Amino acid sequence: MAFDPQVVHAKYRAERDKRLVAGRTAIRDLNHDEYVAGYRVDPFTAYTAREGITDDPDVVIVGGGIAGLLAGAHLRKAGVRRIRIVDQAGGIGGTWYWNRYPGVMCDVESYQYLPMLEELDYIPSRRYAYGEEIRLHLQAVADRFDLGSDALFHTGVTQAIWDEDAGRWTVHTDRGDVLSCRYYILAAGILNLMKLPAIPGMDEFAGPAFHTARWDYDFTGGSPGQALTNLGDRVVALIGTGASGLQCLPPLAEAAKHVYVFQRTPSAIGVRGNRPTDDSFAEGLQPGWQKARMDNFQSIMLGRPVDEDLTDDGWTRHYAAVQNPPRHKGMSTEEFMRAAEELDFGIMEQHRQRIDELVHKPDVAAALKPYYRYLCKRPCFHDEYFDAFNRDNVTLIDCPAGIERITEQGPVVGGQQYEVDGIVYATGFEAEVTPLPRRIGHNVIGRGGISLAGKWADGAATLFGMTSHGFPNMFVMPAPGQQSVVTVNYTQLAEFGAEFVAGLVAVLEERGVRVFDINPAAEADWIQQIVDTYVDPSAVLSACTPSRLNNEGDPGGIRARDTNFGRGFGDFFAYRELLQGWLASGDLEGLDLT
Ligand code: N01
């Protein structure tokens with residue numbers, strides 16, 4: 001395809017329209033729907049009954065993933081003694097506890113994504129680490145800072161209430177625990193709510209069906225990183241072709257009698273280029289190397305000049321280029337927009353050509369090609385996915401409008417029944433646009449009985465994206481769409497958020513502050529800044545294929561308050577500088593102190 005804007009627009013529009021169908025966004029309620037409740041059960045750690053406890057730690061952290069662990073680690077460094085992590089999982093790791101599907105890997109470079117490499121004196125074994133290595137590393141972080149021994153696993157918080165007289169939070173759990181703490185930290189992450197589509201008839205399916213975040217190794221055989229040994233005579237349906245689906249296809253294809261891959265929208269899948277860490281990697285690394293590497297990556301993502309691209313992968317080559325198209329002097333807005341679109345088109349063409357090179361059957365290759373602008377969906381990277389479609393035991397079922405229904409035998413598309421023995425739902429998570437109160441799944445009741453859900457009903461209300469008036473001594477770890485910033489390498493944001501929280505707690509303790517709250521005027525100013533810098537992306541995003549990034553085709557539904565500091569994905573460096581300066585000044589401006 002040559003770049004003819006009219007032709008390209010028409011093609012992209014037609015592809016989008018095939019997917020903008022009624023019922024597209026319908027999902028099952030995993031918390032209240034009895035049938036699907038089973039999808040939440042932890043297949044990795046046995047649940048053991050225990051008595052509820054009563055305790056008064058200094059800090060309760062909800063979530064034992066990267067953000068919660070880093071908050072705990074930095075608080076420990078700041079001298080906080082009693083910390084209790086509470087998590088629904090059976091162990092440490094958050095996303096990396098739950099996502100143990102075959103092939104799971106992080107597509108952010110491991111040297112930046114695995115936190116605290118210098119403190120733990122650890123160098124990841126590969127450029128992009130597999131899930132098990134990440135999970136074990138997070139366990140090592142927990143061990144180093146003794147965050148696991150007091151943690152309450154397989155435990156969900158049911159309510160947290162601010163106790164004005166005590167100047168503490170009272171946290172209740174579904175195990176009957178009652179914890180009274182000075183500081184309450186919400187670190188739920190953004191991938192904690194599995195998305196299970198509401199497909200008619202799915203409850204009738206006779207075989208095992210599970211989400212990638214609860215992989216059923218009893219059905220498939222094997223274990224993370226090992227071959228799947230039970231599938232030789234079994235036919236499997238894989239629903240979903242985002243980052244999770246495409247990673248688990250090659251091991252499934254290797255092991256199963258047959259795999260039907262149900263694709264609603266093709267992902268743009270760039271080169272992965274994974275490889276073992278070079279023996280020479282660690283040589284000459286100077287103290288502070290990991291932070292410097294994260295900053296180098298982040299600079300490129302924000303279009304800032306760097307001497308060298310230390311990462312040099314699809315994120316820095318494609319994503320950063322599309323994010324920051326060149327604007328030459330004297331260019332009109334129209335010229336700029338057109339050049340940006342042409343650049344985008346060129347990158348998408350490279351992705352489409354790659355499919356022609358790797359997939360032997362032309363009709364399958366054609367169906368695997370993504371037709372939308374690069375940032376309409378989260379880009380993916382993989383080197384074995386396309387080759388799986390050259391196998392006789394893998395069939396692509398292209399279903400832009402989704403799966404019609406599921407019967408006792410399996411999925412139905414275009415009136416055709418696909419008989420399968422098991423179904424894998426690689427259907428993702430309620431990500432960025434899910435409001436925090438829903439994400440945390442429990443009531444947080446602040447001063448005067450106000451609920452966080454009530455206060456945030458019209459959008460996030462924070463100072464710095466991490467604190468909220470009326471919720472004293474409480475922190476929310478920074479996350480997308482919450483008035484902080486977005487970073488492709490989430491670890492960088494989590495690490496900074498953890499440093500900030502621990503830094504502030506240290507100052508408060510030093511000054512003998514019992515309770516801090518956010519001054520309403522300071523909060524209103526922060527919200528106003530977010531709203532004032534918000535640029536409504538509807539015009540660009542409405543041309544996109546529906547995805548979670550454009551609110552499933554309804555970008556107008558994104559609220560200005562639920563966005564980021566510094567417009568778009570936000571400006572990490574300006575944010576960090578501002579907050580570091582605020583903390584360093586010692587004025588604690590915007591805080592009301594008791
Ligand atoms: O989920 P997704 P994911 N019928 O939402 C399809 C992180 N992550 O778990 O594209 C048929 O991307 C849906 O179709 P469509 C990362 O942040 C990272 O893969 O919406 N299909 C899509 O194909 C990532 O973005 C890594 O049309 C249905 C798929 O299910 C995030 O997690 C690895 C359907 C969901 O894709 C989520 O990724 C894994 C239906 N009714 C995850 N409903 C790495 O770093 C949904 N789909 C490598």
Side-chain angles (χ1 to χ4, degrees), residues 15-16 18-28 94-96 98-110 112-113 128-131 134 189-202 211-215 237-249 260-270 272 274 313-315 368 370 372 375-383 385 397-406 411-413 423-434 479-480 486-491 544-553:
E15 291 292 328
R16 175 200 67 184
K18 283 188 209 169
R19 295 169 171 88
L20 269 179
V21 297
R24 177 189 159 88
T25 53
I27 55 172
R28 300 292 289 258
T95 282
W96 300 102
W98 292 115
N99 285 273
R100 304 194 199 189
Y101 57 84
V104 61
M105 177 196 290
C106 181
D107 58 19
V108 173
E109 198 201 42
S110 59
Q112 303 171 49
Y113 184 77
Y128 301 94
Y130 283 105
I134 302 173
I190 57 162
L191 299 173
N192 66 326
L193 300 178
M194 289 182 288
K195 210 158 74 177
L196 199 64
I199 301 175
M202 61 192 283
H211 190 278
T212 40
R214 301 285 187 280
W215 193 267
L238 173 61
I239 301 179
T241 53
S244 303
L246 64 95
Q247 287 185 330
C248 65
L249 176 62
Y260 290 107
V261 182
F262 293 85
Q263 169 191 269
R264 197 164 66 172
T265 314
S267 290
I269 306 170
R272 170 65 310 153
N274 202 358
D313 67 2
W315 290 111
L368 285 167
Y372 44 79
L375 297 186
C376 286
K377 289 179 82 68
R378 182 188 183 278
C380 297
F381 308 91
H382 212 279
D383 289 341
Y385 176 70
I397 311 297
D398 190 33
C399 50
I403 290 166
E404 280 159 40
R405 63 196 153 86
I406 293 182
V412 177
V413 167
I423 298 179
V424 177
Y425 288 97
T427 44
F429 304 88
E430 291 186 43
E432 293 84 351
V433 294
T434 299
V486 180
T487 49
V488 164
N489 176 14
Y490 177 64
T491 299
C544 270
T545 192
S547 83
R548 67 176 213 254
L549 301 183
N550 70 352
N551 203 24
E552 297 297 338

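Read the numbers this way: they start at 1 and go in the same order the structure lists the ligands and their atoms. What you see is a predicted model; the values in this text were computed from it and never measured.
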Open item on the list: Once you restrict to heavy atoms under 4.0 Å, what part of Val108 touches ligand 1? Side chain, backbone, both or neither.
Closed with: neither
- [ ] Report yes or no: does Gln247 contribute a side-chain atom to a donor-acceptor pair with the main-chain N or O of Met105 at less than 3.5 Å?
- [x] yes
Open item on the list: I need the nearest protein heavy-atom contact for atom 41 (N) of ligand 1: residue, atom name and distance, please.
Closed with: Pro197 CB, 3.3 Å
- [ ] Show your reasoning for whether ring pair (Phe, Tyr, Trp, His ring centres under 6.0 Å) applies to Tyr101 and His211.
- [x] CA-CA 9 Å; Tyr101 57 84; His211 190 278; 9.1 Å; no
Task: Protein heavy-atom partner closest to atom 6 (C) of ligand 1 - residue, atom, separation in Å - done: Gly240 CA, 3.6 Å
Open item on the list: Please classify the Gln263 to ligand 1 contact at 4.0 Å (heavy-atom distances, strictly less than): side chain, backbone, both or neither.
Closed with: neither
Open item on the list: Give me the residue, atom name and distance of the protein heavy atom closest to atom 15 (P) of ligand 1.
Closed with: Thr265 OG1, 3.4 Å
TODO: If the plane angle is over 60° it's perpendicular, under 30° parallel, otherwise tilted; pick one for Tyr260 and Phe262.
DONE: tilted
Open item on the list: Out of all atoms in ligand 1, which are within 4.0 Å of some heavy atom of Phe429? Include the element for each.
Closed with: 9 (O), 37 (C)
Open item on the list: Can you give me the closest heavy-atom contact between Thr241 and Thr265, atom names plus distance?
Closed with: OG1-O, 3.1 Å
Task: Proximity of Lys195 to ligand 1 by residue part, where a heavy atom lies under 4.0 Å - done: neither
Open item on the list: Among all the protein's non-hydrogen atoms, which is closest to atom 26 (C) of ligand 1, and how far away is it?
Closed with: Ala243 CB, 3.7 Å
Open item on the list: If the cut-off is 4.0 Å to any non-hydrogen atom of Ala426, which atoms of ligand 1 fall inside it?
Closed with: 29 (C), 30 (O), 35 (C)
TODO: Give the atoms of ligand 1, by number and element, whose distance to some non-hydrogen atom of Cys106 is under 4.0 Å.
DONE: 45 (O)
Task: atom 7 (C) of ligand 1: nearest protein contact (heavy atom, Å) - done: Leu191 CD1, 3.8 Å
Open item on the list: Among all protein heavy atoms in this structure, tell me which lies nearest to atom 36 (O) of ligand 1, with the distance rounded to 0.1 Å.
Closed with: Gly242 CA, 3.7 Å
Task: Euclidean distance, Phe429 CZ relative to Thr212 OG1, rounded to 0.5 Å - done: 5.0 Å
Open item on the list: Quick test: of every protein heavy atom, which one is nearest to atom 3 (P) of ligand 1, and how far off is it to 0.1 Å?
Closed with: Ser244 OG, 3.4 Å
Open item on the list: Which heavy atom of Pro546 sits nearest to which heavy atom of Lys377, and what is that distance?
Closed with: O-NZ, 4.2 Å
Open item on the list: Under a 4.0 angstrom heavy-atom cut-off, which atoms of ligand 1 come close to Arg548?
Closed with: 12 (O), 17 (O), 24 (C), 25 (O), 31 (C), 37 (C)
Task: Atom indices of ligand 1 within 4.0 angstrom of Arg378 heavy atoms, with elements - done: 16 (C), 17 (O), 18 (C), 24 (C), 25 (O), 45 (O)
Open item on the list: If we set the cut-off at 4.0 Å for heavy atoms, which region of Arg19 has an atom near ligand 1: side chain, backbone, both, or neither?
Closed with: neither
Task: Winner among Asn99, Thr241, Ile199 once heavy atoms are compared against atom 22 (C) of ligand 1 - done: Thr241
TODO: With heavy atoms only and a cut-off of under 4.0 Å, state how Ser267 meets ligand 1: side chain, backbone, both or neither.
DONE: neither
Task: Euclidean distance, Glu109 CD relative to Asp313 CG, rounded to 0.5 Å - done: 7.0 Å
Open item on the list: Would you compute the distance between atom CD1 of Ile423 and atom CD1 of Ile403 and round it to the nearest 0.5 angstrom?
Closed with: 7.5 Å
Open item on the list: Counting neighbours of CZ on Arg405 that are heavy atoms of other residues, nucleotides or ligands and sit closer than 6.0 Å, is the number greater than 12?
Closed with: no
Open item on the list: Restricting to disulfide bond (SG atoms under 2.5 Å apart), what partner residues turn up for Cys544, sequence neighbours left out?
Closed with: Cys376
Open item on the list: Give the atom numbers and elements of ligand 1 that come within less than 4.0 Å of a heavy atom of Gln247.
Closed with: 33 (C), 48 (C)
Task: Protein contact of atom 14 (O) of ligand 1 - nearest heavy atom, named by residue and atom, plus distance - done: Arg264 NE, 3.4 Å
TODO: Could you tell me which atoms of ligand 1, counted from 1 in the order shown, lie closer than 4.0 angstrom to a heavy atom of Gly428?
DONE: 1 (O), 3 (P), 5 (O), 9 (O), 35 (C)
- [ ] May I ask you to check if ligand 1 and Thr212 share an N or O to N or O distance below 3.5 Å?
- [x] no
Open item on the list: I'd like to know if Glu552 pairs up with Lys195 as an ion pair, taking the criterion as any Lys NZ or Arg NE/NH1/NH2 lying under 4.0 Å from an Asp or Glu carboxylate oxygen.
Closed with: yes
- [ ] Give yes if a backbone or side-chain nitrogen or oxygen of Glu552 is under 3.5 Å from a nitrogen or oxygen of ligand 1, and no if not.
- [x] no
Open item on the list: Looking at Arg378 and Asp107, is any side-chain nitrogen of the basic one under 4.0 Å from a carboxylate oxygen of the acidic one?
Closed with: yes
TODO: Supply the atom-to-atom distance Arg16 CZ to Asn550 CG, rounded to the nearest 0.5 angstrom.
DONE: 9.5 Å
Task: Where ligand 1 meets Tyr101 - atom numbers and elements under 4.0 angstrom, heavy-atom basis - done: 33 (C), 39 (C)
Task: Partner residues of Cys106 under the disulfide bond (SG atoms under 2.5 Å apart) criterion, sequence neighbours left out - done: none
